[in-house]
Amino acid sequence: MLDIEDLHVEIGEKEVLHDINLRIGDGETHVLMGPNGSGKSTLLMTLMGFSNYIVTEGRIRFKGEDITHLPIHARAQIGMGMMFQRPPTISGLKLGKLLAATYGDQPDRIREMARKLNMDHFLERDINKGFSGGEIKRSEVLQLTAQSPEFVMLDEPESGVDLENISLIGHAIGMLLEKDVHIVNRKKSGLVITHTGYILDYLDADKGHVMCDGEIKCHGNPREILKEVKARGYRECLECRQTA
Ligand code: ADP
Ligand code: MG
């Protein structure tokens, strides 16, 4: 579904990503880990097409099509969607209105969708205005559920979410990624950034990658990587270059 080749990305004339190579197959979910400032969010923002992330070398293909220079809305139309680490507040736009514009004007279905994320009391509120950290994350997952993208990008979906709501978010993300469908028939794929690994309990991720200093240094089983990182920290990732 997604094929990234030799990707180099600059922000404000500084090269942040160097030589990224990554392939994500149909129905697969990959997890991206790495220390703060290593370039994880930059990769997602670049994949979605934000214009201040400049691709200086390499290319991105989605479902076989070269999308390296497509604008954001065109990427959304062909099935890419993302949940932001820090989304903006949008004063004057009610969450319910945005969901209706995305999903279609079906108030009962939208309310039901919102209820599953404990967000049914937020439909009349401006997007993210005064929302707590965890409420923002639930709102983001709700917006993605309405969009139902084929390729789902999640930037730290569980950060700031209390334990009770992690299970709601986890189940909603599991549904977004069609984890209830056998991989042979599954149409959705995803790339998920996580620090804590809590979300792994709901994702059944296929592969993990560690990014350090703007490069992907290591691939492997996501749970094993997490265990290693918890035991020894990311420092060893800078020294060790193993691929699996
Ligand atoms: P992560 O998500 O892994 O914590 P980011 O992708 O957000 O890391 O950031 C990677 C690096 O790029 C950091 O050093 C960050 O300060 C830098 N960076 C991000 N956005 C900008 C920007 N708009 N201008 C300059 N530097 C940026
Ligand atoms: Mg980030």
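Atoms within each ligand, like the ligands themselves, are counted from 1 in listed order.
- Under 2.8 Å from the Mg ion (ligand 2) lies an N/O/S atom of S41, whether from backbone or side chain.
- The aromatic rings of H171 and Y202 sit perpendicular, their planes meeting at an angle over 60°, well past the 30° parallel limit.
- Applying the 4.0 Å criterion to heavy atoms of V16 picks out, from ligand 1, the atoms 10 (C), 11 (C), 12 (O).
- Among protein heavy atoms, atom 4 (O) of ligand 1 sits closest to G37 N, 2.7 Å.
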Show your working on salt bridge (Lys or Arg N to Asp or Glu O under 4.0 Å) between R186 and D180 and close with a plain yes or no. CA-CA 9 Å; R186 194 182 297 147; D180 53 331; over 6 Å; no
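- Side-chain atoms of H8 and H18 include no donor-acceptor pair closer than 3.5 Å.
- Atoms of ligand 1 lying under 4.0 Å from at least one heavy atom of K14, given by number and element, are 14 (O).
- Not a single heavy atom of G12 sits closer than 4.0 Å to an atom of ligand 1.
- At least one heavy atom of G39 sits under 4.0 Å from some atom of ligand 1.
- Using modelled atom types, no side-chain atom of D66 and backbone atom of R61 make a donor-acceptor pair closer than 3.5 Å.
- Within the coordination shell of the Mg ion (ligand 2), defined by N, O or S atoms under 2.8 Å, T42 is absent.
- Protein heavy atoms are absent from the space less than 4.0 angstrom from atom 26 (N) of ligand 1.
- Checking side-chain atoms of D155 against main-chain N and O of F84 turns up no donor-acceptor pair under 3.5 Å.
- Heavy-atom contacts of I11 reach the following atoms of ligand 1: 18 (N), 19 (C), 20 (N), 21 (C), 22 (C), 23 (N), 24 (N), 27 (C) (cutoff under 4.0 Å).
- Taking every non-hydrogen atom of N36 and a distance limit under 4.0 Å, the qualifying atoms of ligand 1 come out as 4 (O).
- For atom 22 (C) of ligand 1, a protein non-hydrogen atom is found at a distance below 4.0 Å.
- With a 4.0 Å heavy-atom cut-off, ligand 1 is reached by no atom of M211.
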Give the intermediate values and the outcome of side chain to side chain donor-acceptor pair (under 3.5 Å) for residues E158 and T196. CA-CA 8 Å; E158 79 274 47; T196 64; 2.6 Å; yes
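- Closest to atom 7 (O) of ligand 1, if we only count protein heavy atoms, is S41 CB, 3.7 Å.
- Where the criterion is an N or O separation shorter than 3.5 Å, residue side chain and backbone included, N52 fails it with respect to ligand 1.
- Using modelled atom types, no side-chain atom of K227 and backbone atom of P222 make a donor-acceptor pair closer than 3.5 Å.
- Not a single donor-acceptor pair under 3.5 Å links the side chain of S38 to the backbone N or O of G214.
- Each of the atoms 5 (P), 6 (O), 9 (O), 10 (C) of ligand 1 lies under 4.0 Å from some heavy atom of T42.
- Per-atom contact check: atom 16 (O) of ligand 1 does not touch the protein, criterion being a heavy-atom distance below 4.0 Å.
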Apply the test salt bridge (Lys or Arg N to Asp or Glu O under 4.0 Å) to residues K137 and E156: give CA-CA distance (whole Å), side-chain angles for both, the deciding distance (0.1 Å), then the verdict. CA-CA 9 Å; K137 297 288 170 182; E156 298 191 29; 5.8 Å; no
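- Within a 6.0 Å radius of NZ in K97, other residues, nucleotides and ligands contribute 12 heavy atoms or fewer.
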